[in-house]
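Chain naming here is simple, since letters A, B, ... match the order of the sequence lines and numbering starts at 1 in each.
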Protein chains: 2
Amino acid sequence: MTRADVARYAGVSTAVVSYVLNDGPKAVAPLTRERVLDAVRVLGYRPNAAARALSKGTADMFGLVVHDNRNPFFAELCHALDQATADVGRSLLIVNSDRSQVSTAEQIRDLASRQIGGLIIADVLTASEQSVVESLGIPAVVIGQFGETDGLYSVGVDFARGAYEVCAHLIEHGYRDIAFAGSAARYDERERGWREALTAARLPLGTLVHTPFGYQGGYDTAMKLMRQGALPRAVLAASDQIGIGLLAAFHEHRIRVPQDVALASFDGTMIADFVSPRLTTAAQPMERMARAAVELLLNPDTPRQHRAYSTQLRIRESCGCDSEGSGSEGSGSEGSGSEG
Amino acid sequence: MTRADVARYAGVSTAVVSYVLNDGPKAVAPLTRERVLDAVRVLGYRPNAAARALSKGTADMFGLVVHDNRNPFFAELCHALDQATADVGRSLLIVNSDRSQVSTAEQIRDLASRQIGGLIIADVLTASEQSVVESLGIPAVVIGQFGETDGLYSVGVDFARGAYEVCAHLIEHGYRDIAFAGSAARYDERERGWREALTAARLPLGTLVHTPFGYQGGYDTAMKLMRQGALPRAVLAASDQIGIGLLAAFHEHRIRVPQDVALASFDGTMIADFVSPRLTTAAQPMERMARAAVELLLNPDTPRQHRAYSTQLRIRESCGCDSEGSGSEGSGSEGSGSEG
DNA sequence: CTGAAAGCGCTTACAG
DNA sequence: CTGAAAGCGCTTACAG
């Protein structure tokens with residue numbers, strides 16, 4: 001039941017039980033160690049995590065704040081984070097911040113009161129929320145968001161470069177009128193990538209639509225584009241979800257993709273490969289990002305830094321490439337992550 | 001910092017601080033109470049959850065075991081559970097069980113050692129895993145799975161009836177050759193619903209394909225059906241994901257849905273409304289299920305029971321109904337949950 | 001209505 | 001290499 005039972009069974013003090021279970025801080029004689037391990041096994045003993053957390057001042061848990069875990073990108077990111085944290089013996093306390101009842105700052109304070117040893121934020125923080133995080137004295141990392149976040153660790157991808165690459169691919173198809181559908185919240189680096197790719201190719205800027213992420217945002221964007229009269233020849237969506245929403249609206253109005261309008265998106269979620277046509281997309285390396293985030297939390301003495309990985313261009317059908325064509329998967333650039 | 005600071009500031013004992021913070025077990029004079037509350041506010045005090053958990057023997061957390069949170073159905077269920085638990089002041093400790101490294105039993109024991117006050121299982125358990133759960137002495141509820149689970153609470157939908165209803169709808173379209181694509185794991189009640197609907201309509205049983213849930217399972221099923229020669233006139237998929245996989249494969253092979261093959265599925269996830277054609281599906285009331293699960297955990301003295309809610313038929317395009325037709329949403333049966 | 005004190009199950013200096 | 005003991009920050013009988 002408790003470490004006292006184990007100690008009694010093994011004929012040692014409770015301190016010794018701790019020493020062997022934690023591999024320290026004191027050494028234990030091999031034979032004693034075996035006796036303890038045996039007792040643990042026989043008794044089926046499991047340390048009480050709450051007692052441990054109280055004693056150590058920190059629990060073996062990480063907190064994860066995600067805006068909405070239903071979004072496939074974040075769902076996959078959560079999954080990767082679950083694996084990565086489990087791999088280092090931690091658990092994940094997850095909260096969705098898309099809740100009206102409670103403020104995100106409150107949710108973060110609540111996590112802190114649970115003695116989490118690190119905080120992972122898959123969401124964009126307001127300045128005041130960020131200062132709350134900083135005041136906590138808990139290592140924190142922002143994951144999957146735009147650019148660096150001042151005082152905190154952050155890991156993400158090079159959005160501008162990723163968008164540049166997908167856009168360049170659309171340009172290679174000969175499309176000259178390429179629209180962009182992306183976020184208005186903060187400055188979205190993907191928008192810059194789109195801009196730069198068009199500029200580099202001496203093409204005029206296409207239509208720019210700001211829309212919420214998610215299927216509906218994409219759907220609404222398509223409706224807007226259609227109402228405008230002339231459709232763009234191609235559109236770059238800032239997320240797979242937006243891309244899928246576009247697809248739904250276009251299909252509904254008998255607009256063929258890619259024949260009438262070509263499409264490419266961002267994220268590389270699983271569903272992007274199971275819509276018709278399959279979406280060409282810039283994939284984010286979520287497992288690597290998750291592992292990087294966990295690693296940073298585990299080494300809180302590491303200087304503050306932003307880790308940006310490269311996206312991987314997955315060329316499929318929505319851009320106009322032959323569905324049976326060569327290199328339908330991952331033939332794109334696959335640069336190494338520019339870390340540091 | 002700690003309740004001692006609050007007590008000092010308010011000029012009371014630490015016990016009194018507890019009394020007001022917990023609304024008991026003793027009454028506190030209104031004025032004293034105000035002084036304490038003030039101190040809490042001024043000092044920005046938050047109780048240490050680990051200490052509380054140690055003292056009470058249970059933490060304000062629920063554990064959630066989900067097979068794979070990336071599956072849209074489970075992603076949405078997790079989201080609903082997050083809301084429902086937050087609404088009662090609890091946090092969710094989530095673990096995915098699709099991990100090769102660690103056994104699910106081990107994951108469950110780990111959750112228990114963290115003093116969770118309840119366990120939610122969105123997964124099918126082996127007999128031995130179930131006995132582990134029972135041995136924990138923690139209220140546990142299985143959610144979203146087939147039928148009842150012996151010793152534990154369970155909440156789900158009436159799979160058979162839901163499948164029956166969707167299948168009946170396909171039959172109303174005049175389709176006579178209706179296949180089923182669903183799980184082989186355990187006896188899937190949806191399969192029974194399909195069987196019964198066909199039988200009731202005096203139709204022969206269509207092709208039965210057992211496949212893993214998920215997009216790929218649906219994709220593979222479609223390939224199998226196509227290889228078999230004559231395609232069924234319609235197929236009932238046991239999940240939206242299977243349905244979407246079917247759709248992808250059919251589209252790839254220029255088979256029109258619903259003209260050549262009609263489709264209907266199960267779950268009612270958001271993505272089902274954003275594929276082309278939009279999927280007709282039997283929607284599970286996830287928010288209600290989540291709230292029911294949480295309520296059961298909160299009242300562990302409630303006798304063991306299975307709560308089955310009705311699905312809601314969402315008629316859209318994949319079944320062959322006109323996309324612009326009347327009642328394109330939720331015109332189906334909407335029975336009240338048969339609880340008890 | 002309020003308080004002093006024991007106890008929850010760990011960890012970890014401190015002695016030996 | 002091992003153990004007795006204090007302490008982590010709460011809760012809650014038990015007295016008053």
Just compare [options] and give me whichever is closest to any side-chain atom of [X].
{"X": "A15(A)", "options": "dC10(D), dA4(D), dT11(C)", "result": "dA4(D)"}
{"X": "V12(B)", "options": "dC10(C), dG3(C), dG9(D)", "result": "dG3(C)"}
{"X": "V16(B)", "options": "dC14(C), dT2(C), dC1(D)", "result": "dT2(C)"}
{"X": "K56(A)", "options": "dC1(D), dT11(C), dC10(D)", "result": "dT11(C)"}
{"X": "S13(A)", "options": "dG3(D), dT2(C), dC10(C)", "result": "dG3(D)"}

Distance between the P atoms of dA6(C) and dT2(C), in whole angstroms?
-> 23 Å

Say you pick atom P in dC14(C) and the same atom in dC10(C); how far apart are they, in whole Å?
-> 24 Å

Please work out if [X] contacts a base, only the sugar-phosphate, or nothing of the nucleic acid, heavy-atom cut-off 4.0 Å.
{"X": "S18(A)", "answer": "base"}
{"X": "A29(A)", "answer": "sugar-phosphate"}
{"X": "V17(B)", "answer": "nothing"}
{"X": "R52(A)", "answer": "sugar-phosphate"}

Does any non-hydrogen side-chain atom of Q284(A) lie less than 4.5 Å from one of Y309(A)?
-> no

SB check [X] [Y] (cutoff 4.0 Å):
{"X": "R90(B)", "Y": "D82(B)", "result": "no"}
{"X": "R307(A)", "Y": "E295(A)", "result": "yes"}
{"X": "R8(A)", "Y": "D5(A)", "result": "yes"}
{"X": "D38(B)", "Y": "R35(B)", "result": "no"}

Hey, which sits more toward the 5' end of DNA chain C by its nearest nucleotide, R35(B) or L21(A)?
-> R35(B)

As its Watson-Crick or G-U partner within any shown strand, both distances under 3.5 Å, dT2(C) has dA15(D)

Separation of [X] atom [atom1] from [N] atom [atom2], in whole Å?
{"X": "K26(A)", "N": "dA15(C)", "atom1": "NZ", "atom2": "C1'", "answer": "10 Å"}
{"X": "L43(B)", "N": "dG9(D)", "atom1": "CG", "atom2": "P", "answer": "14 Å"}
{"X": "L54(B)", "N": "dT12(D)", "atom1": "CG", "atom2": "C1'", "answer": "14 Å"}
{"X": "N22(B)", "N": "dG9(D)", "atom1": "CG", "atom2": "P", "answer": "17 Å"}

5'-most by nearest nucleotide on DNA chain D - R33(A) or Y45(B) = R33(A)

Is the shortest side-chain N/O distance from [X] to OP1 or OP2 of [N] below 4.0 Å?
{"X": "R3(A)", "N": "dC10(C)", "result": "yes"}
{"X": "T14(A)", "N": "dG3(D)", "result": "no"}
{"X": "N48(B)", "N": "dC8(D)", "result": "no"}

Quiz item: Y19(A) side-chain donor-acceptor pair to dG3(D) base, under 3.5 Å = yes

S55(B) (side chain) and dG7(C) (base): donor-acceptor pair under 3.5 Å | yes

Judged by modelled atom types alone, do R52(B) and N22(B) share a side-chain donor-acceptor pair under 3.5 Å?
-> yes

